[in-house]
Enquirer: 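Take a look at this one; I'll ask things after.
Within every chain, numbering begins at 1; the chains are lettered A, B, ... in the order of the sequence lines, protein sequences first and strands thereafter.
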Amino acid sequence: MKPNANSRRFLTLRRAHGYHASMSKYPFSDIEQKWQSHWETAKTFRAKEDSAFPKNKRAYVLDMFPYPSGDGLHVGHPEGYTATDIYCRFLRMNGYNVLHPMGFDSFGLPAENFAIKTGTHPRITTAKNIKTFVSQIKSFGFSYDWDRNLTTHSPEYYKWTQWIFLKLYEKGLAYEAEAPINFCSSCKTGIANEEVKEGRCERCGQLVERRNLRQWMLKITAYADRLIEDLEDLDWPDSVKTMQKNWIGKSEGANVMFRIDPSDNPELEGEVLEVYTTRPDTLFGATYMVMAPEHPLVDRLTTPAQKSAVDEYIHTSAMKSDLERTDLAKDKTGVFTGGYAVNPVNGEKIPIWISDYILISYGTGAIMAVPAHDQRDWEFARKFNLPVIEVLKGGDIDTEAFTEDGPHVNSSFLDGMGKQEAIDTIISWLEERELGTKAVNYKLRDWLFSRQRYWGEPFPIVHCPSCGVVTIPENELPLVLPDIESYEPTGNGESPLARIEEWVNCSCPKCGGKARRETNTMPNWAGSCWYYLRYIDPQNTNAFVDPEKEQYWMPVNLYVGGSEHTVLHLLYARFWHKVLYDLGLVSTREPFQRLINQGMITSFAYERQNKTLVPVDEVEETGPDSFVEKSTGEPLTRVIAKMSKSLKNVINPDDIIKEFGADSFRIYEMFMGPLQVSKPWSTSGLTGVFRFLDRVWRTGEKPLSDAPVPPEVEKLLHKTIKKVTEDTGALEFNTAISQMMIFINEAYKLNEINKDMWEAFLLLLNPYAPHITEELWQKCGHDSSCAYESWPVYTPELTVDDTVTIVVQVNGKLRAKFEAPRDMQQEEMKTHALSLERIQELTEGAQIRKVIAVPGKLVNIVVT
RNA sequence: GCCGGCGUGGUGAAAUUGGUAGACACGUUAGACUCAAAAUCUAAUGGAAGUAAUUCCAUGUCGGUUCGAUUCCGACCGCCGGUACCA
């Protein structure tokens with residue numbers, strides 16, 4: 001998974017504010033190193049499949065693994081990782097057996113592009129980057145079971161990626177196709193529709209062109225219905241479910257056969273043009289047909305008189321990129337072919353046009369146009385003066401197409417019916433006469449599963465002149481990626497592997513004759529489609545996962561990652577998982593039971609009047625919320641933007657840890673706001689949590705004793721336990737932290753600290769700030785880690801106050817307050833409120849219409 | 001355009017089975033400590049008026065429901081993310 005932003009050293013506004021963490025005596029650096037190496041050598045967080053834990057006391061908590069880019073970790077990564085780490089530590093202390101692994105999505109283009117530039121083998125670059133990532137991730141003190149670490153580029157791992165591909169192939173879900181694909185001339189590779197952003201390559205920004213190349217495709221469309229249906233039972237955000245549904249884009253309608261009129265060209269006798277429509281009920285309103293320029297019938301339908309115009313149109317649309325084709329959307333273009341079709345319901349002869357607003361890849365690549373009831377058809381008809389026939393009453397078809405429901409007119413046997421009834425009727429009518437069928441279409445296309453690249457999994461496939469496509473036997477896996485001399489693509493669209501003669505030429509596993517290996521490699525998504533299963537049993541050499549272990553841990557109870565993977569990664573992984581489920585290889589229908597998208601960490605940026613952005617180092621703060629550009633003095637507005645190198649607002653986590661410590665970093669990222677929303681980084685905000693931890697440290701230096709806890713502090717402790725327990729379980733870390741701040745602000749005022757109270761607080765704080773709390777726990781006289789201590793419990797009676805403040809309102813406005821016992825009854829509240837001097841003043845002379853009392857809250861007096 | 005999300009102090013934010021708007025934190029101001037500064041500690045801090053008690057205004061805008069709306073409903077405005085003629 002690729003990072004969105006790149007980390008780079010950045011001098012923060014911290015110095016301007018004069019705050020420097022090293023001025024304090026809290027020795028975070030020593031403590032953090034000490035405990036990190038303790039956890040590592042003691043293997044504190046190793047997960048075992050211990051049957052003593054019942055199923056409901058096991059938790060699989062997963063982070064989306066990173067692509068190990070050369071830029072290292074940026075501040076966005078640790079946000080999700082910290083959240084899951086806090087949750088895991090919390091669960092362990094609550095008696096759960098927790099599986100919490102980390103690994104690397106280590107095949108991918110950047111390492112290969114670097115190889116092209118420098119000649120360094122991607123394996124070397126990747127290993128180096130992973131080393132950096134591991135040490136960076138470890139510096140946060142996350143409680144991963146590092147023994148389960150995996151990398152998708154290692155042969156031990158991709159052996160099983162290849163093995164799963166063979167299963168897909170055996171099931172008929174992988175096939176070859178010669179298809180026009182998006183080709184990036186800069187990456188020299190084919191790319192999926194999903195990787196084309198606004199007509200440009202998502203990775204390099206190059207305009208994408210179309211090319212015909214032989215490709216491997218995965219039949220994800222065969223699972224479209226189940227991918228929609230099974231969303232139902234998942235504990236995922238509704239927005240993600242909706243996006244996946246929209247992406248799959250199921251629509252129901254009918255395929256309708258239109259006979260081609262052969263009167264001008266006898267060769268067309270018996271030829272049929274099939275269209276897909278969601279509105280077969282409007283068939284009587286079809287006044288023309290439109291085919292995609294790429295439609296196979298275009299050539300034969302075109303009359304000699306129209307040939308030059310049609311050829312030219314086909315040529316221009318082929319030259320257009322997808323971007324241009326869609327950009328010109330508002331202004332419809334098209335050409336008449338000269339051919340005619342016959343409307344099956346009434347025998348009318350209607351002209352056939354071609355236009356690039358019809359996509360060859362959707363439906364049948366041709367439509368019947370009903371301009372009265374489809375806006376696109378309406379625009380097209382208006383431009384080319386084609387007739388418009390109203391077949392549903394209710395709209396004004398002179399101004400726009402009417403797409404709502406209404407009674408049918410001009411439609412013979414459908415007249416008077418509503419939309420749904422007419423659809424059902426016409427479909428049966430068509431089916432009886434074999435002129436059409438009910439049909440379902442999806443926006444989802446099959447998954448283009450090959451890349452003409454080096455740094456990916458080789459396909460376990462051989463092409464034999466006599467046997468055709470032959471799979472490599474399972475016992476010969478992995479098919480190892482060979483070393484090569486040059487990483488440059490061949491330019492004709494083949495992968496660099498095609499140049500290694502001794503690798504490409506092989507013998508056919510079936511007939512032993514001369515054969516050639518498949519030279520495409522798998523896309524980056526392949527490895528990330530099943531990594532969560534391999535963590536369960538990463539060393540297994542006999543199977544991709546042991547079934548018993550799989551059943552022990554699956555499904556993933558909580559999956560946390562960025563929303564950029566909402567559609568693709570999550571859809572692809574669900575697809576593979578369902579295939580494995582159908583093969584009886586995994587026990588759950590879905591891989592990820594609960595999903596959370598963490599928000600993006602953004603940054604402040606400064607905008608000129610003309611909406612251009614100024615790099616942070618060019619900005620001067622002249623007052624509260626007022627900023628000017630240093631060089632020009634132009635006033636600037638502070639806005640929120642993504643971190644970017646050019647704006648110089650990228651934060652490097654290493655710098656922050658060095659200056660403030662990992663515990664501060666962890667708590668700050670959680671304190672910024674709710675996990676799910678995006679929030680701007682502010683280093684000055686970080687000082688607040690640093691002060692909090694420093695205050696914890698100083699409180700820990702006070703004498704510990706068994707001195708009685710003042711009653712109000714004891715109550716505060718129990719309220720804090722309650723709030724932190726509830727909020728941590730609900731992943732509402734920001735409010736839990738705020739409650740712990742409230743507690744420490746009181747506790748540090750005491751001269752002596754009660755040991756039991758202090759230990760309870762340390763355990764509450766431990767998931768958030770594991771290093772400082774381990775150290776303070778040890779100072780309390782314990783000689784082992786507190787990672788598996790029992791979570792503190794609160795006494796419910798101590799979490800509520802005996803007296804509450806009752807608010808008195810007059811006509812809904814706050815006018816007075818009084819203290820009352822928590823259980824004061826409504827009548828007494830009313831009497832007391834009305835007796836208050838202030839209220840008597842305000843209600844004097846007025847008529848009291850009504851008095852409302854809400855126990856424990858307020859009294860509202862309505863007067864006129 | 002469509003789909004999804006979000007609009008609260010100078011800043012990050014809190015509070016919703018409808019019941020004290022602004023917890024906690026940053027910043028700012030004043031004070032203590034200090035030769036001085038930093039750090040630390042104490043206090044104040046939504047806006048306006050008033051010596052004060054207190055009053056008025058305030059959760060994007062307008063309207064509705066209600067004794068009472070940041071919370072529910074309707075319309076609109078703005079921002080962010082996704083998507084692109086899917087017949």
Side-chain angles (χ1 to χ4, degrees), chain A residues 17-25 197-199 237-243 245-247 249 251 253 275-279 290 322-323 325-330 332 355-359 361-370 374-377 379-380 441-445 563-564 566-567 599-600 602 604 623-626 638-640 668 671-674 676-689 691-692 694-695 698 734-735 737-742 745 749 805-814 817 838 849-852 854 856-863:
Chain A
H17 290 120
Y19 192 93
H20 203 287
S22 62
M23 284 157 179
S24 164
K25 54 185 173 169
K197 295 278 178 255
E198 294 171 345
D238 283 339
S239 60
V240 175
K241 289 187 184 184
T242 311
M243 273 196 235
K245 276 184 207 154
N246 291 347
W247 188 266
S251 86
V275 301
Y276 172 71
T277 176
T278 53
R279 296 293 306 275
V290 193
D322 270 3
L323 179 68
R325 263 173 92 145
T326 53
D327 249 15
L328 296 170
K330 304 288 170 271
K332 298 268 181 294
S355 172
D356 62 9
Y357 83 93
I358 304 304
L359 310 176
S361 49
Y362 186 77
T364 61
I367 60 143
M368 63 175 208
V370 184
D374 181 288
Q375 190 59 29
R376 294 154 303 184
D377 298 345
E379 283 162 18
F380 191 84
N441 262 301
Y442 302 92
K443 290 210 283 196
L444 182 71
R445 310 289 157 76
S563 53
E564 64 271 25
T566 293
V567 177
M600 203 183 347
T602 53
F604 289 122
D625 209 29
S626 94
R638 188 161 84 172
V639 295
I640 286 168
Y668 174 62
F671 185 61
M672 288 165 81
Q676 294 88 342
V677 306
S678 75
K679 28 201 182 271
W681 178 273
S682 141
T683 302
S684 62
L686 179 65
T687 61
V689 300
R691 282 178 195 157
F692 162 64
D694 194 45
R695 202 170 265 190
R698 283 181 282 119
N734 52 334
T735 47
I737 293 164
S738 136
Q739 183 64 37
M740 288 188 278
M741 286 174 167
I742 293 170
N745 286 349
K749 288 176 185 161
T805 306
I806 301 294
V807 170
V808 186
Q809 297 179 331
V810 177
N811 285 344
K813 292 198 176 194
L814 176 63
K817 295 174 187 180
R838 174 99 196 105
R849 303 274 301 236
K850 204 187 209 179
V851 181
I852 294 139
V854 181
K857 297 258 168 152
L858 59 68
V859 178
N860 188 10
I861 300 156
V862 186
V863 298

Enquirer: What pair of heavy atoms forms the shortest contact from A:R445 to A:K443, and how long is it?
Expert: NE-O, 3.1 Å
Enquirer: Look at the side chain of A:L359 and decide which nucleotide, out of B:C41, B:A87, B:G68, has an atom nearest to it.
Expert: B:A87
Enquirer: Applying a 3.5 Å limit to both distances, which nucleotide forms a Watson-Crick or G-U wobble pair with B:C2?
Expert: B:G82
Enquirer: Does NZ or CZ of A:K332 fall inside the cone over A:Y357's six-membered ring, less than 6.0 Å from its centre and within 45° of the axis?
Expert: yes
Enquirer: Side chain of A:P680, heavy atoms from C-beta onward: which of B:A13, B:A25, B:C3 has the nearest atom to it?
Expert: B:A13
Enquirer: A:F671 side chain: which of B:A87, B:U20, B:A25 is closest?
Expert: B:A25
Enquirer: Specify the separation, in whole Å, of atom CD1 of A:I640 and atom P of B:G78.
Expert: 19 Å
Enquirer: Taking only the C1' atom of each, what is the distance from B:U61 to B:U70 in whole angstrom?
Expert: 15 Å
Enquirer: Considering just the side-chain nitrogens and oxygens of A:R695, establish if one lies under 4.0 Å of OP1 or OP2 belonging to B:A39.
Expert: no
Enquirer: Mind checking if A:S251 touches a base, just sugar-phosphate, or nothing, with heavy atoms under 4.0 Å?
Expert: sugar-phosphate
Enquirer: If you measure from the P atom in B:C24 to the same atom in B:A43, how many Å do you get, rounded?
Expert: 12 Å
Enquirer: Is there a Watson-Crick or G-U wobble partner for B:U40 with both distances under 3.5 Å, and which nucleotide is it?
Expert: B:A32
Enquirer: Roughly how far apart, to the nearest Å, are B:A21 and B:C3 at atom C1'?
Expert: 33 Å
Enquirer: Which nucleotide in the set B:G82, B:A87, B:C56 lies at the smallest distance from any side-chain heavy atom of A:K813?
Expert: B:C56
Enquirer: For the C1' atoms, the ones on B:G18 and on B:U42, what distance do you get once it is rounded to whole angstrom?
Expert: 39 Å
Enquirer: Using OP1 and OP2 only, check whether a side-chain N or O of A:R691 sits under 4.0 Å from B:A39.
Expert: no
Enquirer: Output the single nucleotide from B:C85, B:C67, B:G27 whose closest atom is nearest the side chain of A:D356.
Expert: B:C85
Enquirer: Rounding to the closest angstrom, what is the interatomic distance between B:C76 and B:G22 at atom C1'?
Expert: 27 Å
Enquirer: Which nucleotide in the set B:G82, B:U20, B:C85 lies at the smallest distance from any side-chain heavy atom of A:M243?
Expert: B:G82
Enquirer: Could you identify the nucleotide paired to B:A23, looking across every strand shown and requiring Watson-Crick or G-U wobble geometry with both distances under 3.5 Å?
Expert: none
Enquirer: Can you tell me which nucleotide in B:U20, B:G12, B:G19 comes closest to the side chain of A:K817?
Expert: B:U20
Enquirer: Within the distance-only criterion (no hydrogens, no angle test), does the side chain of A:N441 pair as donor or acceptor with the backbone N or O of A:S251 below 3.5 angstrom?
Expert: no
Enquirer: Determine which nucleotide pairs with B:G7, using a 3.5 Å limit on both distances of a Watson-Crick or G-U wobble pair.
Expert: B:C77
Enquirer: Keeping the roles fixed (side chain from A:Y668, backbone from A:S682), state whether a donor-acceptor pair exists under 3.5 Å.
Expert: yes
Enquirer: Students often get this wrong, so: under 4.0 angstrom with heavy atoms, is A:Q809 touching a base, only sugar-phosphate, or nothing?
Expert: base
Enquirer: Between atom CG of A:D238 and atom CE of A:M243, what is the distance when rounded to the nearest 0.5 Å?
Expert: 11.5 Å
Enquirer: What does A:S239 touch in the nucleic acid at a heavy-atom separation under 4.0 angstrom: a base, only the sugar-phosphate, or nothing?
Expert: sugar-phosphate
Enquirer: So what does A:N745 hit on the nucleic acid, given a heavy-atom distance under 4.0 Å: a base, only sugar-phosphate, or nothing?
Expert: sugar-phosphate
Enquirer: To the nearest 0.5 Å, tell me how far A:K817 NZ sits from A:R838 CZ.
Expert: 13.0 Å
Enquirer: Taking atom P of B:C85 as reference, at what distance in whole Å does atom CD1 of A:I358 sit?
Expert: 11 Å
Enquirer: For nucleotides B:C62 and B:U71, find the distance between their P atoms and express it as a whole number of Å.
Expert: 13 Å
Enquirer: Whole Å only: how far is the NZ atom of A:K857 from the P atom of B:G19?
Expert: 7 Å
Enquirer: Quickly work out the A:Y276 OH to B:C85 C1' distance and round it to whole Å.
Expert: 15 Å
Enquirer: My understanding is that only one of A:V859, A:V863, A:N860 makes a side-chain contact (heavy atoms from CB on, under 4.5 Å) with A:V810; could you say which?
Expert: A:V863
Enquirer: If we call it a pair only when both distances are under 3.5 Å in a Watson-Crick or G-U wobble match, what pairs with B:A15?
Expert: none
Enquirer: Output the single nucleotide from B:A87, B:A13, B:U11 whose closest atom is nearest the side chain of A:N734.
Expert: B:A13
Enquirer: Which heavy atom of A:A369 sits nearest a heavy atom of A:V290, and at what distance?
Expert: CB-CG2, 4.4 Å
Enquirer: Regarding A:P237, tell me which of base, sugar-phosphate or nothing describes its non-hydrogen contacts under 4.0 Å with the strands shown.
Expert: nothing
Enquirer: Pairing check on B:A58: which nucleotide meets the Watson-Crick or G-U wobble criteria with it, both distances under 3.5 Å?
Expert: none
Enquirer: Identify which nucleotide among B:U54, B:A14, B:G12 has an atom closest to any side-chain atom of A:R838, counting heavy atoms from C-beta outward.
Expert: B:U54
Enquirer: When rounded to the nearest Å, what value does the distance between P atoms of B:A75 and B:G27 take?
Expert: 44 Å
Enquirer: Ignoring backbone atoms, test whether A:R698 places a side-chain nitrogen or oxygen under 4.0 Å from the OP1 or OP2 oxygen of B:A39.
Expert: no
Enquirer: So what does A:I742 touch, heavy atoms closer than 4.0 Å: a base, only the sugar-phosphate, or nothing?
Expert: sugar-phosphate
Enquirer: Ignoring backbone atoms, test whether A:R638 places a side-chain nitrogen or oxygen under 4.0 Å from the OP1 or OP2 oxygen of B:U11.
Expert: no
Enquirer: To the nearest Å, give me how far apart CD (A:Q375) and P (B:C2) are.
Expert: 12 Å
Enquirer: A:N246 near the nucleic acid: base, sugar-phosphate alone, or nothing, with a heavy-atom cut-off under 4.0 Å?
Expert: sugar-phosphate
Enquirer: Expressed as a whole number of angstroms, how long is the span from A:M741:CE to B:C24:P?
Expert: 11 Å
Enquirer: When all nucleic acid strands are considered with a 4.0 Å heavy-atom cut-off, which category describes A:K443: base, sugar-phosphate, or nothing?
Expert: base
Enquirer: Could you give the distance separating B:U29 and B:G5 at their P atoms, to the nearest angstrom?
Expert: 42 Å
Enquirer: Rounded to whole angstrom units, what separation is found between the CE atom of A:M600 and the P atom of B:C80?
Expert: 11 Å
Enquirer: Indicate syn or anti for B:G31, taking the glycosidic torsion and treating anything within 90° of 0 as syn.
Expert: anti
Enquirer: Output the distance between atom OH (A:Y276) and atom CD1 (A:I367), rounded to the nearest 0.5 Å.
Expert: 13.0 Å
Enquirer: For A:S682, which contact category applies under a 4.0 Å heavy-atom criterion: base, sugar-phosphate, or nothing?
Expert: nothing
Enquirer: Please report the distance, rounded to the nearest Å, between NZ in A:K679 and P in B:G7.
Expert: 13 Å
Enquirer: Need one value for A:V862: base, sugar-phosphate or nothing, where a base atom within 4.0 Å counts as base even if backbone is also close, heavy atoms only.
Expert: sugar-phosphate
Enquirer: When you measure from the side chain of A:W247, which nucleotide among B:G19, B:A13, B:U83 comes out closest?
Expert: B:U83
